[in-house]
Amino acid sequence: MAHIAAKTTDDVLPLEDRPVLARTGRAHTLRGGAVWAIALAVLAYCIWGIATNQAMRWDSIARFLTAPIILQGVLITIAIAFCAAVFGLFGGLVVALMRMSQNPLIRSIAIGYLGLFRAVPLLVQILIWYNLGTFLPRLGLGIPFTDIGIFGDTNAILSPFVACLVALALNQAAYMGEIIRGGLLSVQPGQIEAAIALGMTPQKAFRRVVAPQAARSIIPPLGNDMINLLKATSLVSVVGVGDLMTRAQGIYASNYQVIPLLIVASIWYLILTVLITFVQTLLERRFAAGATR
Amino acid sequence: MNHISVSPNLPLEPALVRVRSLSKNFGANRVLDNVNLDVRQGEVRCLIGPSGSGKSTLLRCLNGLTDFDDGAVVLDGTRVGYAERGGALRPWTSREAAFFRRRVGLVSQHVNLFSHRTVIENVIEGPVQVLGTPRAEAVRAASELLARVGLSDKHDSYPSQLSGGQQQRAAIARALAMEPKVMLFDEATSALDPELVGEVLNVMQALARDGMTMVVVTHEMRFAEEVGDTIAVMDAGRVIEDGTAADVFGRPTNQRTADFLKDHSGFRRQ
């Protein structure tokens, strides 16, 4: 047996005295350098390929990026996204509170709403609201089975813009509802009890304790959802509302510069997404007080 | 005057808290079974007994956090949980309950300081939001309270930056800021590391010395014996023994009390 064991430092030195082998091998550095070189070369080749592609028409991209017709589309996209987001936030709060209600009827209504609006694809919802006039020619508020009330022509009330807004807002309320419910559930029940024991009414406890603590866990998924909403507005191009995507499509239908105009649209969606992310970061910082992580 | 049994060394005046024939069921489980209990002004009333004997439930009935099925709780002249109208009782609205709870401080096992607010913000939250005290005045009072519990240097710390003992002392200051008539302690030291228990008990002892009326659910037998004026021993939803600390610890009349105290004698001899 003894002839197998060679006399190396491993046998002589106690564990704590053995030298630590630093990872300073030159081979290691060289290999890292090679990986970087290859990666940069591939990247440079891709950029060069795109930049010199005749079909790219960089001049068109630059021209259309700030063309009034595109800028108006950007504004409409922002308007749709903003209105749907605001409605979705308040609608979502209502849905979340209904979903958490003690009353089984109210709870079932919320569950039904969530089931329906999360199941039907948004594109289908937009088309349904857009085409509602073919099914319900007149729309309004009134007493059932009488003529008393305010009514109007469905197509006049649900213009393509309003139809899209309704579709996005209702869909948004369903998703926001679950995000808000998740946030509310993340608040420790003991925090609410402490507020109640201090003599707060449930409403005040919600405002002062539950809401600010729930906000902490609502904001990251909220940011996700806002970005999804922004991009989902491109679906309204199927009914021609005049948003960014509709306009980009309209232009490339006549001048055949498909990829350049899609890139113009992408650049704008990217800019708006960066803005949303920025706001998300600010909000996260605002509500981070006292967080351990 | 009435049939309430009074220990000889206590003043003979109507109790600040009166619990009469209180019963409560959780399903088939009877958690409180015909409980009678008095707490007098300035008294430190300790509730001891094995886990699940109903101590915490009884405590939570005192400030209306838990409702009950039968009997009555009267605290500072107010019937807890119900309003009387035309000779009939109806349950409190949440507003009535909130208004009543201003008079009762609660410190619970799970500290529950508001995690998104600093220590001083926690302490002024009640006075400012519930009592409508001007903020500057509330901050002044809160600073004094924090000095009393030894947290003068922690005003602007968040709860997550404090040790368990510091958190619990801040929670005591938060409850005291409402200037309650009665302080309820629900196993205030049970969740703490052993070396942090002492600092919280010291604050509670100081509070007792200042004449605060306290109802203390505790497993700290030494605290109960030394600080408690009267001890109620609970078992299976009933008060099985009730008397002065000296009587209950020195001459328990009930066998179950004697057994319970023997099981917990390790806590006492230190």
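Chain letters run A, B, ... following the sequence lines, proteins first, then strands; residues in each count from 1.
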**Q.** Interchain contact, B/V104 with chain A, by part (heavy-atom threshold 4.5 Å)
**A.** backbone
Q | Taking every non-hydrogen atom, the tightest pair across B/R101 and A/G199 | A | CB-CA, 4.0 Å
Q. How long is the gap from OG on B/S94 to CD on A/Q203, to the nearest 0.5 Å?
A. 5.0 Å
Q: Identify which of A/I192, A/I196, A/T201 forms the greatest number of heavy-atom pairs closer than 4.5 Å to chain B.
A: A/I196
Q: Examine whether an atom of B/H110 lies under 4.5 Å from a heavy atom of chain A, and if so say whether it belongs to the side chain, the backbone or both; otherwise answer neither.
A: neither
Q: Give a yes or no on this: more than 12 heavy atoms of other residues, nucleotides or ligands lie within 6.0 Å of atom CZ of B/R90.
A: yes
Q: Would you confirm whether A/Q191, through its side chain, and B/L113, through its main-chain N or O, come within 3.5 Å as a donor-acceptor pair?
A: yes
Q: Below 4.5 Å from any heavy atom of chain B, which atoms of A/A195 appear? Answer side chain, backbone, both or neither.
A: both
Q.
Closer than 3.5 angstrom, by distance alone: can the side chain of A/K204 be matched with the main-chain N or O of B/Q129 as a donor-acceptor pair?
A. yes
Q. To the nearest 0.5 Å, how far apart are CG in A/L198 and CG in B/N112?
A. 11.5 Å
Q. Tell me, side chain or backbone of B/R103 under 4.5 Å from chain A's heavy atoms, or both, or neither?
A. neither
Q: Could you check A/E193 against B/R60 for salt bridge (Lys or Arg N to Asp or Glu O under 4.0 Å), going step by step and ending with a plain yes or no?
A: CA-CA 11 Å; A/E193 188 185 281; B/R60 295 161 64 87; 2.8 Å; yes
